[in-house]
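The figures that follow rest on heavy atoms only: side chains count, while hydrogens, waters and symmetry mates do not. Just so we're on the same page: letters track the sequence lines, and every chain starts at 1.
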There are 2 protein chains.
Amino acid sequence: MQNSFTEENYLKIIHNLSGREDLEVSTNALAESTATRAASVTDMLRKLADKGLIHYKKYQGVRLTEQGQKVALKVIRKHRLWEVFLVEKLGFGWDEVHDIAEELEHIPSDRLVERLDAFLDHPQFDPHGDPIPDAKGNMPVPDYMKLSDIAMGNKALMMGVLEHTTPFLQHLDRSGLTLGCEIEIKEVNEFDKSALIQINNQRTLFISQEVSKNVLVQRL
Amino acid sequence: MQNSFTEENYLKIIHNLSGREDLEVSTNALAESTATRAASVTDMLRKLADKGLIHYKKYQGVRLTEQGQKVALKVIRKHRLWEVFLVEKLGFGWDEVHDIAEELEHIPSDRLVERLDAFLDHPQFDPHGDPIPDAKGNMPVPDYMKLSDIAMGNKALMMGVLEHTTPFLQHLDRSGLTLGCEIEIKEVNEFDKSALIQINNQRTLFISQEVSKNVLVQRL
DNA sequence: AAAAAAATTTAGGCTAGTCTAAAAATGTAT
DNA sequence: ATACATTTTTAGACTAGCCTAAATTTTTTT
Ligand SMILES: [Mn+2]
Ligand SMILES: [Mn+2]
Ligand SMILES: [Mn+2]
Ligand SMILES: [Mn+2]
């Protein structure tokens, strides 16, 4: 049978919290991410377990089943394809599309997703640098580093972000930090890990660790 | 406050059943169109009336208020714009888009609708020939005739359809009846009102009254 | 190993939207 | 005008998804 809007959101969030290592996800973590209370999460976990979408033993945390993984990846695929559509075709900024995609990701037609994918020329990454699962649910797992983990004197390419909130993305825009830009670490301050960086061999800029911890890069 | 998915569907259906003459809509008619029972409709009508979206007095039928009309037209605008997108940009057939648009019409962002409208070059009509309300809620009311009301010997242009179901639209496709085609009534059979027509001065075709009652035309 | 703290589940309850069955209002036909 | 038929509303109940408060289990500290 069909999964509800709410069930899909739970599966997607379990997937995200579970990470590439497929860690167990706690009831409280889910309550926080879904903006509900732990008691409500427990109810939903029982339901998802009954449907065979998660492995769940009381007090033990949850993990997605094969089938739950498939559903989650499909929702993520739709979310990221719609984000590409909104940015590439409708001209939205990367800071404006998350909430809209949060709704569009639940539109159910498979034909729609596949035609949208073709219309967008089968994009590999969404506007935030996140990889887009293919129709079979395969998703490449690029292993980027956090900008905060790059040592002084090194260069790196900006490949993604860990935060998707509007204020953070707008802050990056104002700083001139966009996907693909080249960043050189000129100085790192010991006491607060703030850094002086140079972008595309041009202007230099101070950034806090708050920022550098949420920017994903590939070392050059 | 925000209107729910369900409330929006009720308002849209009331609008459609109410027609250009703004007739009262009965509880039973709504039950049929929403595929629910009359008792459920009564509950919803009380709620919509409380929100000021409909005029409702017990046992008297309903009509939209100014405000309800606005909401309904916005939903219809979104529905029809998404249908244009699906056909023009994604290559769907006109017989495949109704159900998908039925979901997309409830995505709430105003910015999204206006950007979509611009992306599509501000279309005036949807793939079924229905007019698209503008951002202010103005909708032209073209007064087409039913093909069944055109007399023998006359010619007309096909401008729209009254049925939007997949089987009906596919039947039109197979018959070569598409929006914009020229139709000449060659013969009308007295006993069952079936007709012999000629399309674009080329092939001739027999159609039942079932079909001709659901095709909208403009007399030439 | 017992006590305290934290996490989780259970119990009971709420709203939106639906249902069936019964009651009331309206409309129609003698 | 009265009776019958139809339409609509009310009454009471159900599910999904959420809540608070209390009970239980697990984890951490002493
Ligand atoms: Mn979502
Ligand atoms: Mn994204
Ligand atoms: Mn709808
Ligand atoms: Mn249409």
- Note on the structure: Considering only heavy side-chain atoms of A/A38, the closest of C/dC19, D/dC19, C/dT9 is C/dT9
- Task: To the nearest Å, give me how far apart CG (B/D50) and P (C/dA16) are.
- Result: 11 Å
- Task: Take the angle between the ring planes of B/H98 and B/H164 and call it parallel below 30°, perpendicular above 60°, tilted in between.
- Result: perpendicular
- Within less than 4.0 Å of OP1 or OP2 of D/dC18, is there a side-chain N or O belonging to A/S40? no
- Note on the structure: Here the distance between atom P of D/dA16 and atom CG of A/L45, to the nearest Å, is 16 Å
- Gap between atoms CD and C1', on B/E7 and C/dT15 respectively (whole Å): 12 Å
- Any idea how A/F5 and A/H106 line up, ring-wise: parallel (<30°), tilted (30 to 60°), or perpendicular (>60°)? tilted
- Query: Would you say C/dA7 has OP1 or OP2 under 4.0 Å from some side-chain N or O of A/K58?
  - Reply: no
- For A/T65, enumerate each residue passing the side-chain contact (heavy atoms from CB on, under 4.5 Å) test, keeping only those at least two apart in sequence or located in another chain. A/H55, A/Q67
- Note on the structure: Of the candidates C/dT10, D/dT25, D/dT8, the side chain of A/Y59 sits closest to D/dT25
- Item | Rounded distance (Å) that lies between atom P of D/dA11 and atom CG of B/D43 | 11 Å
- Let me know the distance between CZ of B/R46 and P of C/dT15, rounded to the nearest Å. 12 Å
- Sugar-phosphate only, base, or nothing, as touched by B/T6 at under 4.0 Å among non-hydrogen atoms: sugar-phosphate
- Message: Heavy atoms only, 4.0 Å cut-off, all strands: where does B/T27 land among base, sugar-phosphate and nothing?
- Response: sugar-phosphate
- Respond yes when some side-chain nitrogen or oxygen of A/R37 is under 4.0 Å from OP1 or OP2 of D/dT20, and no when none is. yes
- Query: With A/Y10, which residues qualify under ring pair (Phe, Tyr, Trp, His ring centres under 6.0 Å), at least two apart?
  - Reply: none
- Nearest whole angstrom, please: distance from the C1' of D/dT25 to the CG of A/N28. 14 Å
- Query: Any side-chain heavy atom of A/D192 within less than 4.5 Å of one from A/Q209?
  - Reply: no
- Message: If I take atom CD in residue A/E32 and atom P in nucleotide C/dA7, what distance separates them, rounded to the nearest angstrom?
- Response: 11 Å
- Item | Which nucleotide in C/dC19, D/dT26, D/dT9 has an atom nearest any side-chain atom of A/Q60 | D/dT26
- Would you mind telling me which of C/dT18, D/dC19, D/dT9 lies closest to the side-chain atoms of B/Y56? D/dT9
- Would you kindly give the CD-to-P distance between B/E24 and D/dT8, to the nearest whole Å? 11 Å
- Query: So what does A/T36 hit on the nucleic acid, given a heavy-atom distance under 4.0 Å: a base, only sugar-phosphate, or nothing?
  - Reply: sugar-phosphate
